Student: 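One structure, pasted below without further comment.
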Protein chains: 2
Amino acid sequence: MPAKKYHHGDLKNALIQAGIEILAKEGVSGLSLRKVASRAGVSHSAPYSHFKDKQSLIAAITTESFRQLYEELREAIAPFSSDPKKQLTAGALAYAQFALDHTDMFKIMFSGVLEKEKDYPAYVEATRQTFGQVVQVIQACQDAGVLRPAPPEVMAVSVWGQVHGIVSLALEGQISHTVLDRHSVRELVSLAVDQFTAA
Amino acid sequence: MPAKKYHHGDLKNALIQAGIEILAKEGVSGLSLRKVASRAGVSHSAPYSHFKDKQSLIAAITTESFRQLYEELREAIAPFSSDPKKQLTAGALAYAQFALDHTDMFKIMFSGVLEKEKDYPAYVEATRQTFGQVVQVIQACQDAGVLRPAPPEVMAVSVWGQVHGIVSLALEGQISHTVLDRHSVRELVSLAVDQFTAA
DNA sequence: ACCTGAACACCGTTCAAGT
DNA sequence: ACCTGAACACCGTTCAAGT
């Protein structure tokens, strides 16, 4: 019964889903509008009934990706609502795990393929939510004396930047073998985040 | 006298230079082999006499970019050879400045466009040198008691990751307006690096 | 050895036409 | 309103041919 719902159904979401699948199988460079259309079983020009252009489809894919990241972070920190320091560590590790599990999704989210992000309100809102969640954890840590008192948004940029930087360099193969042979990415992230709470 | 040296000259380097110029003017998505060839004044298939494929040209462009970054870092820290802490700050700010001055060069270096980096020895060597320079500064800071004693390579991943993460998030427009209205990227980097030396 | 031009498969986008 | 198929400009890559 769930077979071929579209053709006259929810093609828009089918295209987004097809895009995510191609991304996982062929990487960012393998993602084309024509392949997405073909995988959804429609002609190569059908997507233009639902998306202005390729950028617009990419916006939808990255928006969905940010929502997924938001959810994974939320689930990772939920069990520790009374222990901000554990929330910070769990959140950082979940971020790293998301990047490792969905490498090409992570790459398309942060590699500048989407060129005028401001034009896509749903995208802006999804990233705003994710950043807001980080700020909340930071603030809870500060209230608990686990992090230095400083403007929470600035501290959030610092901590998120730390995690994001290590994960990004790892994904790009920029971290030297002498390091990666001895430490996993999760370990490196964990060590780095601990330094924020050590002072 | 320096006009049209190639046609029968140093086409290989002319192509790399043309690529860097297109990158600066049209961004990563505007970089095509055919445009590069055209800008160098040769037919669209001429580049194949010097590069196996587009990936190979991109490898040459990113290699040259890493060499440039290496040089800018070297010049930034040179004046402070007797003050490791100042070297650290100056290096971090130079890294941020490089990214802001050569945005698309920085993006192509770290956005995963180059897909099998290991296949390009000159590229591997250029990135190794850059990382090595970071490790040296870290080590000098540790010897001077400015940074915690820890495996220098691990500390380098942490510090470089911190700077790289903030700069990357800024370039991707992921840092909230409430932060960027009040602080420049250089300021955010500076604040974050200071926290490493504060403990 | 280095470069050209035709050729091919693939791509994003537009548009007239169909339902 | 949603989808198709032809068309166009652009792209990466190959190959026979020229110098």
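The sequence lines fix the lettering, A, B, ..., with proteins before strands; numbering per chain opens at 1. This is a predicted model, so every value here is computed, not measured.
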Student: Would you tabulate the side-chain donor-acceptor contacts of residues 138-147 of chain A under 3.5 Å, counting partners in other chains and residues two or more places apart, or write 'none'?
Tutor:
{"residue": "Gln142(A)", "atom": "NE2", "partner": "Arg148(A)", "partner atom": "O", "Å": "2.9"}
{"residue": "Gln142(A)", "atom": "NE2", "partner": "Ala150(A)", "partner atom": "O", "Å": "2.9"}

Student: Centre-to-centre under 6.0 Å for Phe66(A) and Phe110(A), is that the case here?
Tutor: yes
Student: Verify the ring-centre separation between Tyr70(B) and Phe98(B): is it less than 6.0 angstrom?
Tutor: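 They do not qualify: ring centres at least 6.0 Å apart.
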Student: Return yes if some donor-acceptor pair links the side-chain N/O of Gln55(A) with the main-chain N/O of Glu117(A) below 3.5 Å, else return no.
Tutor: no
Student: Indicate whether OP1 or OP2 belonging to dA1(C) is found under 4.0 Å from a side-chain N or O atom of His50(B).
Tutor: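 For His50(B), the contact criterion (side-chain N or O under 4.0 Å from OP1 or OP2 of dA1(C)) is not met.
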Student: Is the His164(A) ring parallel, tilted or perpendicular to the Trp160(A) ring (thresholds 30°, 60°)?
Tutor: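 Rings of His164(A) and Trp160(A): perpendicular, as their planes differ by over 60°.
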Student: Tell me whether the OP1 or OP2 atom of dC2(D) has a side-chain N or O from Ser49(A) closer than 4.0 Å.
Tutor: no
Student: Taking the side chain as every heavy atom from C-beta outward, state whether Lys25(A) and Arg39(A) have any atom pair closer than 4.5 Å.
Tutor: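 The answer is yes; the side chains approach within 4.5 Å.
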Student: For nucleotides 9-15 of chain D, just jot down a letter per nucleotide in 5' to 3' order: B, S or -, based on protein non-hydrogen atoms under 4.0 Å.
Tutor: --BBBB-
Student: If we count only N and O atoms by modelled type, under 3.5 Å, do the side chains of Ser29(B) and Glu115(A) hold a donor and an acceptor together?
Tutor: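 Yes.
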Student: Between Glu26(B) and Lys35(B), does any side-chain N to carboxylate O distance fall below 4.0 Å?
Tutor: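 Yes, Glu26(B) and Lys35(B) are salt-bridged.
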Student: Which range-with-range stems can be found for DNA chain C when each stem has 3 or more Watson-Crick or G-U pairs in a row and both distances sit under 3.5 Å?
Tutor: C:4-8 with D:12-16, C:12-16 with D:4-8
